[in-house]
Peer 1: 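First the structure, which I've put down as structure tokens, then a few questions once you've had a look.
Excluded from the calculations below are hydrogen atoms, water molecules and symmetry mates; all remaining heavy atoms, backbone and side chain alike, are included. We name chains A, B, ... by the order of the sequence lines, and we start the count at 1 in each one. What you see is a predicted model; the values in this text were computed from it and never measured.
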Amino acid sequence: MYDHKEIEKKWQEKWRKSGVFEYKGADDPRPKYYMLEMFPYPSGRLHMGHVRNYSIGDVVARYYFRKGFNVLHPIGWDSFGLPAENAAIENKIPPAKWTYANIDNMRERFYQLGFSYDWSRETATCRPEYYRWEQKFFIEMFNRGLVYKKNSEVNWCPKCNTVLANEQVENGICWRHGCPVEKRKIEQWYFKITEYAQELLDCLDKLPGWPDNVKEMQRNWIGRSVGTYIDFKFADSDETATVFTTRPDTLMGVTFVSMAVEHEFTAKFLEEAPNRAEMQAFIDEVKRLHLETRDENYEKKGFFTGKYLIHPLTGEKIPLYFANFVLAGYGTGIVMAVPAHDQRDFDFAKKYDLPIKIVIQPEDKPLAEPLTEAYTEPGILVNSGIFDGTKSTDAKKRISDYVIKEGKGRIGINYRLRDWGISRQRYWGTPIPMINCPKCGTVPEKIENLPVRLPENVEFSGVTSPLKDMPEFYETTCPVCGGKATRETDTMDTFVESSWYHMRYCDPKSPDAPFSRREVDHAMPVDQYIGGVEHAVMHLLYTRFFTKVLADLGYVGFREPVKNLLTQGMVCMESYSNDSGYLYPDEVYKKDGKYFTVSDDSPVNVGRVEKMSKSKKNVVDPLQLIDKYGADTARLFVLFAAPPEKDLEWSEDGVDGCNRFLFRVWNIVVPNAEIINKLKPLDKVDGAAKELWSKTHETIKKVGDEIERFHFNTAISAIMELVNATYKFKPETEDDKAVLAESLRTIILLLNPFAPHITEELAEICGMEQIVSTPFPTFSDEALVKDEMTIVIQVNGKLRDKISVSTSATAAEVEALVRAKDFSKFLKSGEIKKVIYVPGKLVNVVG
RNA sequence: GCCGGAGUGGUGAAAUAGGUAGACGCACUGGACUCAAAAUCCAGCGGGGGCGACCCCAUACCGGUUCGAUUCCGGUCUCCGGCACCA
């Protein structure tokens, strides 16, 4: 009888003790394979997303182990971060204690799922042995000018009580809490990721193993645009206002210029303005709007600066306006306005009654005046002096070149990407290793004094970081002058830790370096990385950046961390609710397609299928599932129900089906244990058993191919087919039995990466070697060769017949057989015009 | 608005390079075993027509390329995701 509880525990203990999954390092002669799943935050609660993510990785790792690779399959904990702090505030437990307890708990859960990790490399980012190296990187980056401090407007989450990076804000909403983000002006540390913008963009083209959507998301995020800087002289001074534009073809249509109120010119304009109070009021209003608002589609408003500029080509006087929609941080903060060909400028011109000058006409018919909206399509230039008649697409370059030749402009490239703000005004993170000295300013801690340790025994009196109230932490001496100084009390964004953990895994215990260059260059890049798509522009962009920095600092000899990326879909489920709110799945039952509560049989509303979430109670606890069906069933289901990159819809019936399949395997293998033990595979099989023999070897080929393509669902279905075939097969001779034995043995070996416990147990029952140390089976070409093949006969592309012919039949022979048949009633002309033969597959008769 | 991706039975999904559409699973139906039920095993299962070996329709919709299109091309619709006052 298949008893998953006993079997799974037994094998988990064996694997834990044996160290079979340990990576052997750079000295091992075998080819390496680095299999990595995004490491978890140790929340203490395992959810189905974890089960799915790590099950996918485990199949691949176990496959490559048995294919003879030196596999690095590590695990660790992304253990700094806010939840620990929030728990500390609520429950009065120090974050360190809470975190370490959760790690212990999650480690047990991972054992329970039978994952093939190299536990000897387990790493937690909240340990000083880990984050000390991050502090060293920080200082070296600082010395290289890749880190700087800036007082600027940032995103502030009132719930997190800290600053967030641009990447951590989605539509003005905190990525964690879903609460609105405020704007605040705060001094904080930045990583100069913009310095790498071009390389981050260019290298995307060299990552064929990444999904297109992730690459596209990163391209969007980096947001490169090429254009022209054009200088406009002030009418009343020698100063210049430079604009950035991607539409130099519309330069002759400029009727005003708009600028951001945050621009450095503003102070001077205010001073000189006769209506200073009014201007100040406008500026304050716009700034307030920028700080508070999340909806960016507010009404366009402006204010005349009192200044005029000279158009660089026509010499006309052009008014300069403040405009609330001009972004200070993009381009130069000043924009040339072409109301006829830009909708924002059009709206603005209408409101303030500014001239609208058409300079591009569509090729077919001229625009009807007055315009009702801006014309933004390409066309032919008009009202543009020497450029009249030029196609607007050509005029971009012509006008740009002309302006540059006149010395009034230059080519410019702008990125949407902003520098990465990494300061967090929170406690549970890596201390930023910087010191403020009244005499020497802000200076880095001495390398030999690292790590700057985060005190772990702390008490929270409120939401603010306890570090700010701990003189024993922040009081120090200046590493330069030796005088009294104070430490930085902000900590780093936890995305810094996750930017390089995959490299630490290569040499996780190194006491005097973050990792050995030799080991990291050998094991990296990660051959296969697996995680959720939600990290497409956060973690995955940061870690690419960090890798390039570490390469430039001489730590690593590669510039991209991940060769192949798989973004797995979410685990989803319908939700249930009634008047009193959401209900857990085990509080309802189904009858005739409708749902009712268990408690009082009242009807239940069914919500749409969405990501499992605690708030909607549409969750299944992996622990209950493992308890009821076992880890093998849980793993098999998440792999079988959908391809890994798609969302997976949870279905209890589907789980049941997978469990049933494992029983079917058990029930056919165990009675045949003796023949599996005794009978050796045959080199050649003829007669009745040939079909099963071929099927067995076809399945070996298919399962291997499908695992390598990440089509686990079809790999599993191929094994199911083979199991079904063994059920149908009734052996009569000794040879028949040998074929059956081989099939069953093969099923155990192929199924192992998906369901490792039951297959090891069956192997033991059948007297086979332990599967972890048994190579993945290979197929015999001989078995794949068939005597007969089925040729499909189409007439004009429609299936009409099938014939069975010898595999050695020539095209002429097949064609003759087909022509001998009568297909006249399907032929339009009544006679055969042409016969197309696709060797081994089909014949299409055309006529 | 711009940029990606997807749309296949009652249902989760297959179809690797344009070649038998719906493998495998679930649900359902029937049968065997059983006093009975469960479990298990066996069989059927896109829609329509015919007693029938068979025929017609069908991969969101319209059109094209091709001997042949779920697959390639153009257009339309819907859904999902990313970016968005970026000049």
Peer 1: Please tell me which of the listed nucleotides, B/C42, B/G19, B/G12, lies nearest to the side chain of A/Phe640?
Peer 2: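 That would be B/G12.
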
Peer 1: Over how many whole Å does the gap from A/Glu706 atom CD to B/A13 atom P extend?
Peer 2: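 It works out to 17 Å between those atoms.
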
Peer 1: Would you give a per-nucleotide map of nucleotides 71-76 of chain B, 5' to 3', where B means the base has a protein non-hydrogen atom under 4.0 Å away, S means only the sugar-phosphate does, and - means neither?
Peer 2: ------

Peer 1: Between B/G10 and B/G22, how far apart are the C1' atoms? Round to whole Å, please.
Peer 2: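 So the two C1' atoms sit 14 Å from each other.
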
Peer 1: So A/Arg247, base contact, sugar-phosphate only, or nothing? Heavy-atom distance under 4.0 Å.
Peer 2: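 Sugar-phosphate, backbone atoms only, no base.
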
Peer 1: Under 4.0 Å, heavy atoms only, any strand: does A/Lys798 hit a base, just the sugar-phosphate, or nothing?
Peer 2: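 Result for A/Lys798 = sugar-phosphate.
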
Peer 1: Thinking salt bridges, do A/Arg219 and A/Asp205 make one under a 4.0 Å N-O criterion?
Peer 2: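 Yes.
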
Peer 1: With under 30° as parallel and over 60° as perpendicular, where do the rings of A/Phe265 and A/His263 fit, or are they tilted in between?
Peer 2: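 The rings of A/Phe265 and A/His263 sit tilted, inter-plane angle from 30° to 60°.
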
Peer 1: Once you apply a heavy-atom cut-off of 4.0 Å, does A/Lys701 come out as touching a base, just sugar-phosphate, or nothing?
Peer 2: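 Nothing, no heavy atom under 4.0 Å.
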
Peer 1: Between A/Tyr352 and A/Phe348, what is the ring plane arrangement, given parallel below 30°, perpendicular above 60°, and tilted in between?
Peer 2: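 Judged by the thresholds at 30° and 60°, the geometry between A/Tyr352 and A/Phe348 is tilted.
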
Peer 1: Would you mind classifying the nucleic acid contact of A/Ala642 as base, sugar-phosphate or nothing, using non-hydrogen atoms under 4.0 angstrom?
Peer 2: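 The answer is nothing, as A/Ala642 stays clear of every strand by at least 4.0 Å.
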
Peer 1: When the nearest nucleotide of RNA chain B is assigned to A/Asn713 and to A/Gln794 on a heavy-atom basis, which residue is associated with the more 5' position?
Peer 2: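 Between the two, 5'-proximity favours A/Asn713.
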
Peer 1: So for atom NZ, which belongs to A/Lys357, do other residues, nucleotides or ligands contribute more than 12 heavy atoms lying within a distance under 6.0 Å?
Peer 2: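 More than 12 within 6.0 Å, yes.
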
Peer 1: Dot-bracket for RNA chain B, please. Rules: Watson-Crick or G-U, both distances under 3.5 Å, ( ) within the strand, [ ] when a pair crosses earlier ones, | for another strand, . otherwise.
Peer 2: (((((((..(((......[....))).(((((.......))))).((((....))))..(((((..]....))))))))))))....

Peer 1: Which label fits B/G9, syn or anti, where anti is any glycosidic angle not within 90° of 0?
Peer 2: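 It is syn.
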
Peer 1: Mind checking the P distance from B/A43 to B/A23? Whole angstroms is fine.
Peer 2: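 Comparing P positions in B/A43 and B/A23 gives a spacing of 15 Å.
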
Peer 1: Of all the nucleotides listed (B/C55, B/A23, B/C83), which has the minimum atom distance to the side chain of A/Arg416?
Peer 2: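 Minimum distance to the A/Arg416 side chain belongs to B/C83.
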
Peer 1: If we take the C1' atom in both B/U34 and B/G48, what is their distance in whole Å?
Peer 2: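 Nearest-Å result for B/U34 against B/G48 at atom C1': 40 Å.
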
Peer 1: Under 30°, 30 to 60°, or over 60°: which ring-plane class applies to A/Trp650 and A/Phe637, parallel, tilted or perpendicular?
Peer 2: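 Geometry flag for A/Phe637 against A/Trp650: perpendicular rings.
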
Peer 1: Report yes if a side-chain nitrogen or oxygen of A/His341 is closer than 4.0 Å to either non-bridging phosphate oxygen (OP1 or OP2) of B/A87; otherwise report no.
Peer 2: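 Result: no.
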
Peer 1: Between B/G82 and B/U16, how far is it from one C1' atom to the other, in whole Å?
Peer 2: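 Their C1' atoms lie roughly 29 Å apart.
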
Peer 1: State which of B/A15, B/C3, B/G25 makes the closest approach to the side chain of A/Thr714.
Peer 2: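 Out of B/A15, B/C3, B/G25, the nucleotide with an atom closest to A/Thr714's side chain is B/A15.
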
Peer 1: Name the nucleic acid region contacted by A/Asp653, choosing base, sugar-phosphate or nothing; use a 4.0 angstrom heavy-atom cut-off, strictly under.
Peer 2: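 Since only primed, P, OP1 and OP2 atoms lie under 4.0 Å of A/Asp653, the category is sugar-phosphate.
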
Peer 1: For A/Tyr837, which contact category applies under a 4.0 Å heavy-atom criterion: base, sugar-phosphate, or nothing?
Peer 2: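 Result for A/Tyr837 = nothing.
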
Peer 1: Compare the minimum distances between each of B/A15, B/C3, B/C26 and the side chain of A/Arg660, then state the nucleotide with the smallest one.
Peer 2: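 Nearest nucleotide to the side chain: B/C26.
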
Peer 1: Measuring from the side chain of A/Glu216 (C-beta onward, heavy atoms only), which nucleotide among B/A27, B/C67, B/C3 has the closest atom?
Peer 2: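 From the listed options, B/C3 comes nearest.
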
Peer 1: Reading RNA chain B from 5' onward, which residue's closest nucleotide shows up sooner: A/Met217 or A/Leu799?
Peer 2: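 Here A/Leu799 is the residue nearer the 5' end.
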
Peer 1: Please work out if A/Glu721 contacts a base, only the sugar-phosphate, or nothing of the nucleic acid, heavy-atom cut-off 4.0 Å.
Peer 2: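 Contact class for A/Glu721: sugar-phosphate only.
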
Peer 1: Looking across every strand, which nucleic acid part, if any, lies under 4.0 Å from A/Pro643 by heavy atom: base, sugar-phosphate, or nothing?
Peer 2: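 A/Pro643: backbone/sugar contact only, no base atoms under 4.0 Å.
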
Peer 1: Heavy-atom count around A/Lys301 NZ within 6.0 Å, excluding the residue itself: above 12?
Peer 2: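 Result for NZ/A/Lys301: open.
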
Peer 1: Name the closest nucleotide to the A/Leu327 side chain, picking from B/G19, B/G81, B/A87.
Peer 2: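 Nearest nucleotide to the side chain: B/A87.
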
Peer 1: Once you apply a heavy-atom cut-off of 4.0 Å, does A/Asn724 come out as touching a base, just sugar-phosphate, or nothing?
Peer 2: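 Here A/Asn724 touches the backbone only, sparing every base.
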
Peer 1: Using a heavy-atom cut-off of under 4.0 Å over every strand shown, decide if A/Val846 touches base, sugar-phosphate, or nothing.
Peer 2: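 Answer is sugar-phosphate: A/Val846 comes under 4.0 Å of backbone atoms only.
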
Peer 1: For A/Arg247, what residues pass the side chain to side chain contact (heavy atoms under 4.5 Å, CB included) criterion, not counting sequence neighbours?
Peer 2: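 Counting only residues at least two positions away or on another chain, A/Arg247 forms a side chain to side chain contact (heavy atoms under 4.5 Å, CB included) with A/Thr245, A/Asp249, A/Thr250, A/Ile360, A/Lys396.
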
Peer 1: Contact class for A/Gly657 (heavy atom, under 4.0 Å): base, sugar-phosphate, or nothing?
Peer 2: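 Touches sugar-phosphate only.
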
Peer 1: Classify A/Asp342 by what it touches in the nucleic acid, base, sugar-phosphate, or nothing, heavy-atom distance under 4.0 Å.
Peer 2: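 Nothing: the residue A/Asp342, judged by heavy atoms under 4.0 Å, touches no strand.
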
Peer 1: Closest approach to the side chain of A/Ala641, judged atom by atom: which nucleotide of B/U20, B/C86, B/G12 is it?
Peer 2: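 Looking only at heavy atoms from C-beta outward on A/Ala641, the closest nucleotide is B/G12.
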
Peer 1: Compare the minimum distances between each of B/G25, B/A87, B/G19 and the side chain of A/Leu842, then state the nucleotide with the smallest one.
Peer 2: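 Nearest to the side chain of A/Leu842 among the choices is B/G19.
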
Peer 1: Nearest of B/U16, B/C24, B/G12 to any side-chain atom of A/Ser717?
Peer 2: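 So the nucleotide nearest the side chain must be B/C24.
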
Peer 1: Does NZ belonging to A/Lys397 count more than 12 external heavy atoms closer than 6.0 Å?
Peer 2: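 Atom NZ in A/Lys397 is not crowded, with 12 or fewer foreign heavy atoms closer than 6.0 Å.
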
Peer 1: Check every atom of B/A87, B/C42, B/U16 against the side chain of A/Arg344 and return the nucleotide holding the closest atom.
Peer 2: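 Nearest to the side-chain atoms of A/Arg344, counting from C-beta on, is B/A87.
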
Peer 1: Regarding A/Arg418, tell me which of base, sugar-phosphate or nothing describes its non-hydrogen contacts under 4.0 Å with the strands shown.
Peer 2: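 Here A/Arg418 touches no strand at all.
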
Peer 1: With rounding to whole Å, what would you report as the distance between B/C28 and B/C67 at their P atoms?
Peer 2: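 Approximately 48 Å lies between the P atom of B/C28 and that of B/C67.
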
Peer 1: Reckon A/Thr245 touches a base, only the sugar-phosphate, or nothing at all at heavy-atom distances under 4.0 Å?
Peer 2: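 Sugar-phosphate contact only - A/Thr245 comes under 4.0 Å of backbone atoms but never of a base.
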
Peer 1: Is the CD atom of A/Glu574 crowded by more than 12 outside heavy atoms at less than 6.0 Å?
Peer 2: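 Yes - once you tally the heavy atoms of other residues, nucleotides and ligands closer than 6.0 Å, there are more than 12.
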
Peer 1: For B/A39, take OP1 and OP2 only and decide whether either is under 4.0 Å from a side-chain N or O of A/Arg664.
Peer 2: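 A/Arg664 to B/A39 OP1/OP2: no side-chain N or O under 4.0 Å.
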
Peer 1: May I ask you to decide if the ring planes of A/Tyr330 and A/Phe244 are parallel, tilted or perpendicular, using 30° and 60° as cut-offs?
Peer 2: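 Geometry flag for A/Phe244 against A/Tyr330: perpendicular rings.
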
Peer 1: Please say which of A/Val670, A/Val723, A/Asn672, A/Val665 ends up in a side chain to side chain contact (heavy atoms under 4.5 Å, CB included) with A/Leu744.
Peer 2: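 Testing each of A/Val670, A/Val723, A/Asn672, A/Val665 against A/Leu744, the sole residue satisfying side chain to side chain contact (heavy atoms under 4.5 Å, CB included) is A/Asn672.
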
Peer 1: Please evaluate residues A/Ser55 and A/Phe754 with respect to the criterion side chain to side chain contact (heavy atoms under 4.5 Å, CB included), reporting the C-alpha separation (whole Å), side-chain torsions for both, the decisive distance (0.1 Å), and the verdict.
Peer 2: CA-CA 8 Å; A/Ser55 294; A/Phe754 307 95; over 6 Å; no

